[in-house]
A.B. asks: 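My questions all concern the structure below.
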Amino acid sequence: GLAQMIAMHYGEIPIVHRVGGLADTVHHYKDFDAKTVEGYGIVFSELKAVSFLKAIDQAIELYTSKAHYNKIVKHNMSCDFSWQESAKSYQKLYEKITKKRSHG
C-alpha cells in the first residue's frame with residue numbers, strides 16, 4: 001500500500017497493522033531513531049478491536065507530547081520512499097549475493 005507513505009509525506013503519523021508492506025515501511029514510534037531513513041507510526045500486531053483501540057490511545061498520547069510528535073512528523077516528511085531509493089537497496093543486496101557466490 002501507498003497510503004501510509006503518502007500520509008507520512010504530508011505530515012501524518014499512520015496507525016497500521018503489522019503486516020506486509022505496512023510492516024516494511026512503518027516502524028513503531030517508540031523505536032524512533034532520527035538517524036534512520038525509516039518511517040515511524042503507531043504499529044499494532046494483533047488484528048483485534050482492542051489492539052486497534054490501544055493503538056489509538058497511543059496516538060493520542062503521542063500527540064500530547066508535542067516535541068516528540070513534531071520530531072517524528074518532521075522525520076517522516078523527509079523519508080524517501082521513491083523507487084530510486086528502493087533500487088539502491090536492491091542493488092546493494094544483489095551485489096552482496098553475487099559477491100558471496102563468486103567467492104564461495
Side-chain angles (χ1 to χ4, degrees):
L2 296 174
Q4 75 281 8
M5 293 182 279
I6 293 168
M8 288 187 279
H9 178 78
Y10 287 102
E12 298 297 330
I13 296 180
I15 298 175
V16 302
H17 177 236
R18 185 186 319 269
V19 65
L22 295 171
D24 295 337
T25 56
V26 181
H27 302 277
H28 202 278
Y29 79 96
K30 289 185 178 180
D31 299 327
F32 178 68
D33 180 356
K35 296 176 187 170
T36 68
V37 296
E38 300 168 342
Y40 291 90
I42 312 297
V43 181
F44 63 99
S45 298
E46 291 184 350
L47 192 55
K48 296 181 179 180
V50 68
S51 298
F52 181 61
L53 291 173
K54 285 180 183 178
I56 292 172
D57 286 342
Q58 288 179 17
I60 293 168
E61 180 184 321
L62 175 60
Y63 186 75
T64 61
S65 177
K66 288 295 186 187
H68 193 191
Y69 178 86
N70 289 333
K71 281 182 189 178
I72 294 171
V73 166
K74 185 177 178 181
H75 173 82
N76 283 354
M77 290 176 73
S78 70
C79 290
D80 185 354
F81 295 110
S82 69
W83 277 111
Q84 186 174 20
E85 288 303 310
S86 295
K88 287 179 189 176
S89 296
Y90 281 118
Q91 182 176 4
K92 286 180 187 176
L93 178 61
Y94 176 78
E95 289 170 356
K96 181 179 176 181
I97 291 169
T98 56
K99 188 175 186 178
K100 283 185 179 180
R101 287 183 111 189
S102 67
H103 289 89

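Small disclaimer: the values here were computed from a predicted structure and weren't measured.
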A.B. asks: Between Leu62 and Ile42, what is the shortest heavy-atom contact and its length?
C.D. replies: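 For Leu62 versus Ile42, the nearest heavy atoms are CD2-CD1, 4.1 Å.
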A.B. asks: With sequence neighbours left out, write down each residue that passes side chain to side chain contact (heavy atoms under 4.5 Å, CB included) with Lys66, or none if nothing qualifies.
C.D. replies: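 Partners of Lys66 under the side chain to side chain contact (heavy atoms under 4.5 Å, CB included) test: Tyr63, Asn70.
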A.B. asks: Would a hydrophobic clustering, with Ile, Leu, Val, Met, Phe, Trp and Tyr connected at side-chain separations under 4.5 Å, put Val73 with Ile56?
C.D. replies: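 Val73 clusters together with Ile56.
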A.B. asks: What are the two closest non-hydrogen atoms of Gln58 and His28, and how far apart are they?
C.D. replies: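 So the two residues come closest at OE1-NE2, 3.0 Å.
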A.B. asks: Hydrophobic clustering (ILVMFWY, side-chain heavy atoms < 4.5 Å, transitive) - are Tyr90 and Tyr94 grouped together?
C.D. replies: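 The answer is no; the residues belong to distinct hydrophobic clusters.
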A.B. asks: For atom CG of Leu93, decide whether the heavy atoms of other residues, nucleotides or ligands shown that lie under 6.0 angstrom number more than 12.
C.D. replies: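 Enclosed: over 12 neighbouring heavy atoms sit under 6.0 Å from CG of Leu93.
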A.B. asks: First locate atom OH of Tyr69, then atom OG1 of Thr64, and finally report the distance between them rounded to the nearest 0.5 Å.
C.D. replies: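 Reported value, rounded in 0.5 Å steps: 11.0 Å.
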A.B. asks: Please answer whether the main-chain N or O of Glu38 pairs with a side-chain N or O of His75 as donor and acceptor at a distance below 3.5 Å.
C.D. replies: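 Yes, the answer is positive, given that a donor and an acceptor are paired below the 3.5 Å cut-off.
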A.B. asks: Side-chain polar contacts of residues 15-25 - donor-acceptor pairs under 3.5 angstrom, sequence neighbours left out - could you list them?
C.D. replies:
residue, atom, partner, partner atom, Å
His17, NE2, Ser45, O, 2.8
Arg18, NE, Ser45, OG, 3.1
Thr25, OG1, Gln4, NE2, 2.8
Thr25, OG1, Gly21, O, 2.9

A.B. asks: Does Trp83 share a hydrophobic cluster with Val37, counting links as ILVMFWY side-chain heavy atoms below 4.5 Å and allowing steps through other members?
C.D. replies: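 Cluster IDs for Trp83 and Val37 differ.
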A.B. asks: Looking only at atom types and distance, does a side-chain atom of Asn76 sit under 3.5 Å from a main-chain N or O of Tyr40, one as donor and one as acceptor?
C.D. replies: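 Yes, because the side chain of Asn76 sits within donor-acceptor range (under 3.5 Å) of the backbone of Tyr40.
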A.B. asks: Using a 4.5 Å cut-off on heavy atoms from C-beta on, say whether the side chain of Glu95 contacts that of Gln91.
C.D. replies: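 Result yes, sub-4.5 Å side-chain heavy-atom pair found.
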A.B. asks: Once rounded to the nearest 0.5 Å, what's the spacing between atom NE2 of His9 and atom CE of Met77?
C.D. replies: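 The NE2 atom of His9 sits 7.0 Å away from the CE atom of Met77.
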A.B. asks: Let me see the working for Val26 and Met8 under side chain to side chain contact (heavy atoms under 4.5 Å, CB included), right down to the final yes or no.
C.D. replies: CA-CA 9 Å; Val26 181; Met8 288 187 279; 3.9 Å; yes
A.B. asks: Please round to the nearest 0.5 Å and tell me the distance separating atom NZ of Lys88 and atom OG of Ser82.
C.D. replies: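 Answer rounded to 0.5 Å: 7.5 Å.
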A.B. asks: State yes or no: do Tyr10 and Met5 share one hydrophobic cluster built from I, L, V, M, F, W and Y residues joined by side-chain heavy-atom distances below 4.5 Å, directly or via other members?
C.D. replies: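 As far as the 4.5 Å side-chain criterion goes, Met5 and Tyr10 are connected within one cluster.
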A.B. asks: Anything under 30° is parallel, anything over 60° is perpendicular, the rest tilted; go ahead and classify Tyr29 against His68.
C.D. replies: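 Tyr29 and His68: tilted rings.
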